[in-house]
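As structure tokens, the structure follows; a few thoughts come after it.
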Amino acid sequence: MLLETKLPIRYIFRRIMPDVLRVLFISVMFQLIKEVFGPYLPPVPLQLPTILGSSISLLLAFKIGQSYDRWWEARRIWGAIVNDSRSVVLQLSNFLPPEAKAPGPDGRTPVQALAYRQIAWSYCLGQSLRGLDPLAGLEHLLPERELRYAVAHHNKPLGLMALHVQQLRELVSNRCLNSFQQIQLDATLVRLTESMGAAERIKNTIFPTSYRLMVYFFIYLFLFTLSLGLVETIGLWEVPVLLLTASTYFLLERTARYLQDPFSNKPTDTPVTAIARTIEINLRQLLDETEVPPPFPPGPYYLM
Amino acid sequence: MLLETKLPIRYIFRRIMPDVLRVLFISVMFQLIKEVFGPYLPPVPLQLPTILGSSISLLLAFKIGQSYDRWWEARRIWGAIVNDSRSVVLQLSNFLPPEAKAPGPDGRTPVQALAYRQIAWSYCLGQSLRGLDPLAGLEHLLPERELRYAVAHHNKPLGLMALHVQQLRELVSNRCLNSFQQIQLDATLVRLTESMGAAERIKNTIFPTSYRLMVYFFIYLFLFTLSLGLVETIGLWEVPVLLLTASTYFLLERTARYLQDPFSNKPTDTPVTAIARTIEINLRQLLDETEVPPPFPPGPYYLM
Amino acid sequence: MLLETKLPIRYIFRRIMPDVLRVLFISVMFQLIKEVFGPYLPPVPLQLPTILGSSISLLLAFKIGQSYDRWWEARRIWGAIVNDSRSVVLQLSNFLPPEAKAPGPDGRTPVQALAYRQIAWSYCLGQSLRGLDPLAGLEHLLPERELRYAVAHHNKPLGLMALHVQQLRELVSNRCLNSFQQIQLDATLVRLTESMGAAERIKNTIFPTSYRLMVYFFIYLFLFTLSLGLVETIGLWEVPVLLLTASTYFLLERTARYLQDPFSNKPTDTPVTAIARTIEINLRQLLDETEVPPPFPPGPYYLM
Amino acid sequence: MLLETKLPIRYIFRRIMPDVLRVLFISVMFQLIKEVFGPYLPPVPLQLPTILGSSISLLLAFKIGQSYDRWWEARRIWGAIVNDSRSVVLQLSNFLPPEAKAPGPDGRTPVQALAYRQIAWSYCLGQSLRGLDPLAGLEHLLPERELRYAVAHHNKPLGLMALHVQQLRELVSNRCLNSFQQIQLDATLVRLTESMGAAERIKNTIFPTSYRLMVYFFIYLFLFTLSLGLVETIGLWEVPVLLLTASTYFLLERTARYLQDPFSNKPTDTPVTAIARTIEINLRQLLDETEVPPPFPPGPYYLM
Amino acid sequence: MLLETKLPIRYIFRRIMPDVLRVLFISVMFQLIKEVFGPYLPPVPLQLPTILGSSISLLLAFKIGQSYDRWWEARRIWGAIVNDSRSVVLQLSNFLPPEAKAPGPDGRTPVQALAYRQIAWSYCLGQSLRGLDPLAGLEHLLPERELRYAVAHHNKPLGLMALHVQQLRELVSNRCLNSFQQIQLDATLVRLTESMGAAERIKNTIFPTSYRLMVYFFIYLFLFTLSLGLVETIGLWEVPVLLLTASTYFLLERTARYLQDPFSNKPTDTPVTAIARTIEINLRQLLDETEVPPPFPPGPYYLM
């Protein structure tokens, strides 16, 4: 996630460069074509690029709207993950009778085991969505046995969720939870599974590509007719005019494209690592731990 | 689903051709008409096509928006099917006591029977939405008896869902599930039935046809007034100008039309076969099987 | 619902006629006014109709968007009715113990009684939304007693719903259903009541009329300024130009108006009769009946 | 709610007048300014008002969209109140055993007491949203004691809801309802509380005022530049042209403003009195009463 | 929240000033540049700023739409908090048997303890969202012990929520609440946790900054081309024309920016303090207290 306060010029320039160069090349080409073939070229009236310009604006407005919706939905999903992570721990610690709160063989009480696994699940889901090693850095959160179980699963977060289910089943068969409570916890796990599935859906669904091609085609057509329309009026000044107008369209298209893929290790990503850290802090405090890690530090101008 | 990386020029050309030829024919016709009736034709001011052009843009923007919403809803429904398929298996394996997990007469434990039937349901729903044989390739997933039951049903996926319900009823009457657990599983099955109904609704509801006719009418009117408006300025150059502008409008309309029917065996479809395969892989791993099929391979530039 | 394949020219023409004639009359009037008062009329610059044209496009785009949302919501409600009708029958047949499945005094088992009443409810709701006789053709689905009960109710579908509730209350007091199951069935009936209420809301809520008046006013103002703006350029050719442009605006407005009332016995209606028939087929198959009626046949170019 | 069939010219005129007069005054002022300072005024090109005109259209389109959403949400909330009012009565009469249906000390059975209080709640909420006396006309629906309790509450509908809760608590402590049934009824009451809160939210939240100021500012700027742009072409004809164009913008803004406050005793209101009457008719019929009041009569061109 | 009736000119002026000064500086600069380099500057046709103007309008319309959605979602979340605060108190007082209603050691009955803590939670959440001291002014609402517990938590409202959970757990282990009732109350607490998380999400998520940069870039480009386009026509009059047009764009952008951060101690904020006071009044009346505080008084032109 980009941070408002620190966006450096350097970042913006690096992002703009390829588009600017491409448009520069194109407008210089047009200029040369007009030098050579000038007399044969038609005097295009400026209404044509006006019509095309308003079409491009509408198409871009639609695309930005849809991309923003994907980006916001991704943020909303991770907000729900924060809520349900808090809820599942509050619920289990609410439901378990005092006698069921003794530490298990690995030194963790049932609530601790669930809470640490839930923290691990959050990191794991974030890393898996970003295409990183899903289990990196989770060794101190998960016991040996659970780590091995997760390794064997193709979909690691789904594996950790299966371990949640196993633990609850054991608590039920030991009569530490009654059926009502099992159902209530099950409902929270179902919501977490839904959030996981929804994030995977956003990750895996490609925005219709032909749409982008058409936007590009329209922008080039616009440049071409505008260039012909300006043929007699502004001469060499045409190059910077084309450059500035078209760059902005390309930039908007690129902004939209970044927003629509919020799990791709870019500064515009949903800050899944920072959110997982927030979950860690909240859950550790609900376990009454006093030493909690600090919030995840932001990068120079973004938060991952 | 089209894949970003591989969209070939050939695919785009094949898609554009009929529209381009039609517009070519029309603009040549206009040219001829102007040759013959030139002096009798009115000098249409270019504001008229400008007005029409902005109306067309708005109508197309609305249509693309609505079509995209249908397409995205279809994708969302299949995402919910993935989640609920995982949930129903996790829930049953969570709820069943150890003594109820023995294999039945056909060699399958209750959880296996449910999981395989759920996999079969996913393939079956996808194929039925695409108008293919709904039960093709499901012989190895369903026992003889269940296959026969499904064949007798008009709506095959609904038949499989009825078999789910039968199995749960038996487990309840054998006291392997209590009423709470039955209700929780019932709620998941209700959600799956809802997803099925929603996908059928998208398949069966036709976008108002008169809307498309009006968009076409507007585009032709636009071409006509533009052609008359350009009568004195650009001569024969008019043909490529009309060609490029109008083709883009037609292309946008066609893109929208493809998106709005996401279950029609086209490369722009929701990739229901690949999603059903994902469900198969996930459920088999939740059954602790080690040999799972590979993900469904993408085609040359799309994933079905 | 209009069917894509069969939309006849005749249907479109009948729909366009009144609008076309009105615009024809208006543009001829303008022509006469200009003949007589020509020298006193101002030379309106064409920017004015351009501004008005873009305003009209935006207002129409908003109106089409909202009307489409109503139409789609109506379709979505009837999709939910299909789902919940299937669910309520699956649930009751899932919940009832074998000994409670004997036929009652009128020869119907409890599940059959519920299923037939549910089919009747679907037809009844559709006919009541369309303003037809709500109970027509339901004699073979409902026993004499229930039909009489429904006749006495102002809101017939609500009366049938009250009979559902009575039946469930009896099954509970006979100990055929436990409290959990009662609650689960109750939740499904609540959803059906909600769908009924939502359909009635769409039927009874009138889209703000003043909005339409303003759109009309804008179109006439547009015609008037355009006519004055074209005063010197295109002469008598003005009549067809005005005719074509304005007709399309009126047509769009009319399409929107049809879409926004999806229960009014027009070919653009939500096909409630065909959907009720689908419910009948599905429920009869869930009752293991082998003789089911065929799907409702489409009309010449629409499905009711 | 305005009724489509009867909207009189008089109503529209009264609504338009202030705006029309204001614009008339402004355009006459502009005319005078131009008379006096003419030579010093710049020849504004007509592209400027064109740009402003398209901005105004977009801003108005956004505002109408949001206002319509508020209006439609208000209607949807009252639709949910109809559904949940029906549900709460159906549920209680479904859940109560026969022996619990005897009339209480005030001659009403428990179901009757709940139903009449629910009818009273609907009228009371509607009147309180409209800023009228919330308890007017409810004497025949509520017993003396309950009326006194409600009078003491600041938020009268919340007081009636607390009486619902009291009654259910008594039924539970008398063992007439079990815990499941209590929960199910509680869920319906929670939904009714939510609808109440949502209607109050719409009533109390003011649409950002600065937005309206900017729309006005834009319209005046548009009028000013348009007036300067037309300085040489159309002379005194400018007054009616400005008048018609600007009036329509103001009218659209005013329509939006009316829609956005659907509980303000205007003809464009959500018809809460008529809906409360529908609830009364439905609930009385569910109590098997045969004498029910007629539907609320519409006014000359609207339904309150 | 701004109040419609009292918006003073002074407030608007203070808001506009920086933008106006900046545009003034820019247009004077342009004027100087044109004085000096006039002959070398190109005669930009006015179609260019027209195209840019319509792009800016669309981008601003999108941005205002999204910002308004954030603002409305924030208001909706606090509406849900009002509802659920009422519900949780009604539910507990409905569920507790008479014998469990005795005051505890700190002189408060269980319902009072919950209600006061819920009031404190509302104030605390509002102050924490606004970046103020979250626990300021809550001493009279919370017992010493609970206050100390909350201080130790990083996320104070989450700490208070954990105290709710503790209290319910004790009531359950004392058999004052059964499992059903626990689940129902738990569901309400889960909803309150969700509202808290959603408000935090809106607080913490920054609207993509690059979008704003592009809008600014477009506005400057628009100013620049407009200034060049007006070079010959309107002379020094250009300065006020640029000033008025551009100020409005900047103002719209600024309005959008304010709306998108509804928890930042600005007059456009969601009125969280006033809403928390409403919750206090409602809950105290549900406790049958007769002395309730007055509604939170509005400021000169806004309500916090």
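Protein chains get the first letters and strands the later ones, always in sequence-line order, with residue 1 at the start of each. Below, each value reflects all heavy atoms present in this structure, side chains not excepted, and no hydrogens, waters or symmetry copies. The structure presented is a predicted model; accordingly, all values stated were derived computationally and were not measured.
For chain C, the nearby part of D:R191 is the side chain; its heavy atoms alone come within less than 4.5 Å. Both the backbone and the side chain of D:N94 come within less than 4.5 Å of a heavy atom of chain C. Contact of C:Q166 with chain D is not made at all, since no heavy-atom distance falls under 4.5 Å. At a 4.5 Å heavy-atom cutoff, the contact between C:A187 and chain D is made by backbone and side-chain atoms alike. Only the side chain of C:Q182 has a heavy atom closer than 4.5 Å to any heavy atom of chain D. Proximity to chain C is limited to the side chain of D:Q184, based on heavy atoms less than 4.5 angstrom apart. Neither the backbone nor the side chain of C:F222 comes within less than 4.5 Å of any heavy atom in chain D.
Counting heavy-atom pairs under 4.5 Å between each of C:I202, C:V165, C:I183 and chain D puts C:I183 at the top. Ranking D:A256, D:P97, D:S93 against chain C, the residue ahead of the rest is D:S93, based on heavy-atom pairs under 4.5 Å. Counting heavy-atom pairs under 4.5 Å between each of C:V190, C:L189, C:L168, C:D69 and chain D puts C:V190 at the top.
Atoms CZ and CZ, on C:R148 and C:R145 in that order, are 8.5 Å from each other to the nearest 0.5 Å. With values rounded to the nearest 0.5 angstrom, C:K156 atom NZ is found 8.5 Å from C:C124 atom SG.
Remark: C:R201 qualifies as a cation-pi partner of D:W72 under the 6.0 Å distance and 45° angle criteria applied to the six-membered ring.
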Side-chain donor-acceptor contacts of residues 48-59 of chain D below 3.5 Å, not counting sequence neighbours, with atom names and distances?
{"residue": "D:T50", "atom": "OG1", "partner": "D:L46", "partner atom": "O", "Å": "2.8"}
{"residue": "D:S54", "atom": "OG", "partner": "D:I51", "partner atom": "O", "Å": "3.1"}
{"residue": "D:S55", "atom": "OG", "partner": "D:I51", "partner atom": "O", "Å": "3.2"}
{"residue": "D:S55", "atom": "OG", "partner": "E:S57", "partner atom": "OG", "Å": "2.7"}
{"residue": "D:S55", "atom": "OG", "partner": "E:Y249", "partner atom": "OH", "Å": "3.1"}
{"residue": "D:S57", "atom": "OG", "partner": "C:S55", "partner atom": "OG", "Å": "2.8"}
{"residue": "D:S57", "atom": "OG", "partner": "D:G53", "partner atom": "O", "Å": "3.1"}

### Message
Please evaluate residues D:L192 and D:Q118 with respect to the criterion side chain to side chain contact (heavy atoms under 4.5 Å, CB included), reporting the C-alpha separation (whole Å), side-chain torsions for both, the decisive distance (0.1 Å), and the verdict.
### Response
CA-CA 10 Å; D:L192 283 167; D:Q118 183 56 31; 3.8 Å; yes
### Task
Report the C-alpha distance between C:Q167 and C:R117 in whole Å, list the side-chain angles of each, state the deciding distance to 0.1 Å, and finish with yes or no for side chain to side chain contact (heavy atoms under 4.5 Å, CB included).
CA-CA 11 Å; C:Q167 187 191 0; C:R117 204 186 300 111; 3.0 Å; yes
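Annotation: C:F250 is in aromatic contact with C:Y220 [ring centroid separation under 6.0 Å].
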